[in-house]
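Read through the structure below, which is laid out as structure tokens, and then see the notes.
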Number of protein chains: 2
Amino acid sequence: MITVKELAKLCNCSVATVNRALNDRPDINNQTKERIKQVAKEHGYRPHFIARSLATGNTNIIGLIVLDIKNPFFEHIIDYLNQRLLERGYSLHLGIMDGSPESEYRVFEQLAYMKVDGIIHVPLNVGDAYKTYLKQLHIPLVHLCNWYDDEFPFVGVEESQIIAEAVQHIQQAGYTELIYVSPPLRYKGSRNLYTLEERLKGVQDSIGDMKLHVLDTKDYLQKSIELVSQSHERSCFLCSSDIFALDIMTQMRALDMTPPKDYGIIGFDNITFLKHISPRLTTIAYPVEELIDHALEELLLMIQGKQCISKHILKAHFIPGETI
Amino acid sequence: MITVKELAKLCNCSVATVNRALNDRPDINNQTKERIKQVAKEHGYRPHFIARSLATGNTNIIGLIVLDIKNPFFEHIIDYLNQRLLERGYSLHLGIMDGSPESEYRVFEQLAYMKVDGIIHVPLNVGDAYKTYLKQLHIPLVHLCNWYDDEFPFVGVEESQIIAEAVQHIQQAGYTELIYVSPPLRYKGSRNLYTLEERLKGVQDSIGDMKLHVLDTKDYLQKSIELVSQSHERSCFLCSSDIFALDIMTQMRALDMTPPKDYGIIGFDNITFLKHISPRLTTIAYPVEELIDHALEELLLMIQGKQCISKHILKAHFIPGETI
DNA sequence: TTGTAAGCGTTATCAA
DNA sequence: TTGATAACGCTTACAA
């Protein structure tokens with residue numbers, strides 16, 4: 001691996017001049033610049049990221065913390081953010097959690113150690129210690145999809161409105177009972193469930209005279225069967241993730257019950273795999289690309305030192321299917 | 001961010017001693033060590049990865065190049081490798097391609113720039129230029145699932161054997177025509193298709209007196225319908241990925257054709273989502289964890305300077321379903 | 001337009 | 001058991 005020092009020797013000039021040439025700085029003679037670049041290319045010079053970062057104090061790496069790489073919801077986010085970052089000369093470092101809130105701290109330590117320039121994440125922990133922790137990291141942060149505290153920039157979705165829209169569809173389809181399925185709600189108190197609770201509030205506010213059940217336990221599959229088979233109402237599930245909805249549909253199919261004949265069901269996320277599921281699951285899609293665009297814009301501003309703690313609330317979309 | 005220099009001042013000692021204390025080196029008085037560690041903790045000292053890497057010459061980062069983050073096949077690999085690496089004090093950096101073979105070079109440049117200690121990847125390009133390129137990177141490499149050249153360590157799967165097993169199942173089920181579906185085969189000459197071609201060979205060797213069709217074009221969906229509806233044989237698809245199999249099943253369902261009544265079908269990869277698909281897709285599973293274990297072991301040996309270019313060939317598993 | 005030299009925060013080799 | 005000090009490869013004042 002050839003270094004600037006060696007290049008300087010080869011070109012009979014100083015390392016400063018080599019640096020000017022390689023980084024297209026203005027204060028350099030055009031001929032010497034071309035000459036140096038030529039020599040650099042011939043010798044396969046590659047800038048040394050580590051040395052450069054140590055000198056400049058920044059890595060041009062952005063961290064994205066992913067709750068669960070197995071959740072297809074993140075596919076699109078990762079792919080799109082990666083593209084946008086490359087365009088802007090940054091690269092992406094994925095912080096992979098194992099699903100537990102404690103692992104969020106482990107991933108933060110890793111990203112802090114790696115000196116990433118900024119982090120986009122879905123805040124999962126809760127409490128003052130968490131806030132203190134996030135602040136002492138001294139890393140620009142943008143919170144995605146799950147509001148935690150107004151001291152951090154946030155990019156998310158207007159939940160109550162899209163929920164109201166979904167509930168309206170459910171009512172119009174003649175259902176008399178709504179079952180809100182969101183097992184993670186059982187972690188109330190120990191995890192940040194802002195978004196899931198917003199959705200629940202949205203349901204409560206718009207439910208009118210329909211009956212409401214909330215399934216927030218681990219055995220939601222079993223419970224959902226009991227509810228539908230024992231109830232004399234026309235029941236419709238509203239699930240906080242397509243994953244839960246698919247689990248229910250699969251389980252119900254084993255009992256020969258399919259939507260919308262025997263029950264209704266709506267998911268969340270519009271994951272790619274739905275195209276293979278019949279009947280087509282009615283779901284709600286997040287504007288992933290817009291979310292990422294805003295989050296990235298916000299983060300880059302912070303990295304440039306422009307402290308603009310803002311809040312972007314975008315709109316989700318109702319995706320009609322065949323299950324209500 | 002407090003540094004070793006500042007810690008040294010606080011402790012009335014030299015940076016060398018601080019370093020000895022923080023890294024648990026033997027040549028240091030136990031009391032001073034504890035004292036320094038205490039002060040470091042009080043001041044929230046975090047080692048500076050960048051500076052350390054510059055000094056030691058290694059990053060303790062391993063790169064994994066992923067063809068397509070959207071392909072669920074990689075979920076398991078990423079998750080498992082990440083776990084194993086953490087246990088060993090390494091961290092994982094994902095290199096994300098956009099599906100094109102050219103982007104493989106872009107990702108390699110990125111990982112080389114980041115000075116990762118080693119890379120696990122599925123070699124996708126082909127030709128002597130590729131080989132020259134990989135060698136001049138001077139980064140330990142392990143090739144996964146797709147053999148390219150004996151000069152690189154390889155961890156993969158015995159393809160012909162598992163294919164023979166699948167073909168036998170197909171024959172026993174009474175099919176008289178086998179359709180091997182592997183659209184990427186159309187890139188023959190410009191991409192490394194070793195594994196896909198091994199599978200094809202496996203099919204040819206074990207097919208006996210069944211008819212054989214190979215679908216290696218982009219319009220394989222259309223072609224597959226034509227084949228099944230025009231043929232007077234009992235046709236069974238063998239797809240080089242569950243994704244292709246699901247695409248075919250979904251398309252067929254629209255024409256009211258389902259396996260195993262109207263045709264047979266077998267996939268590859270045993271992706272998680274199959275549990276939601278009915279009838280259950282018969283498929284073939286790679287021993288992902290074993291693959292990664294071997295690949296990692298091999299890579300770490302190379303990083304330690306032990307040049308052991310070896311070849312590990314593992315066994316895949318036939319996963320019976322309801323589609324043949 | 002060019003060169004000199006002082007960092008950046010560690011590690012590691014000596015010598016004490 | 002400790003301390004000085006020279007790397008590591010690059011950037012960036014400042015001086016020429």
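Labels below follow one simple rule: chain letters A, B, ... track the order of the sequence lines, proteins then strands, and each chain is numbered from 1.
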**OP:** Take nucleotides 3-16 of chain D nucleotide by nucleotide from the 5' end and write B, S or -, depending on whether a protein heavy atom sits under 4.0 Å from the base, only from the sugar-phosphate, or from neither.
**Re:** BBB--BBBBB----
**OP:** Take A:E42 and A:Q38, measure what side-chain hydrogen bond (donor to acceptor under 3.5 Å, both in side chains) needs, and give me the verdict at the end.
**Re:** CA-CA 6 Å; A:E42 282 166 8; A:Q38 180 60 29; 3.0 Å; yes
Original post:
When we call it a touch if two heavy atoms are under 4.0 Å apart, what does A:T32 touch: a base, just sugar-phosphate, or nothing?
Top reply: sugar-phosphate
Original post:
A:H48: what forms a side chain to side chain donor-acceptor pair (under 3.5 Å) with it, not counting sequence neighbours?
Top reply: none
**OP:** Identify, with sequence neighbours excluded, every residue that meets side chain to side chain contact (heavy atoms under 4.5 Å, CB included) alongside B:I313.
**Re:** B:F154, B:E158, B:K311
Original post:
Are B:R84 and B:E297 ion-paired here, with the side-chain N under 4.0 Å from a carboxylate O?
Top reply: no
**OP:** Can you tell me the distance, in whole Å, between the CD1 atom of A:I36 and the C1' atom of C:dG3?
**Re:** 12 Å
**OP:** Mind calculating the distance between NZ (B:K9) and C1' (C:dG9) to the nearest angstrom?
**Re:** 14 Å
**OP:** Using distance alone, with no hydrogens and no angle criterion, decide if B:Q110 and B:H93 have a side-chain donor and acceptor under 3.5 Å apart.
**Re:** yes
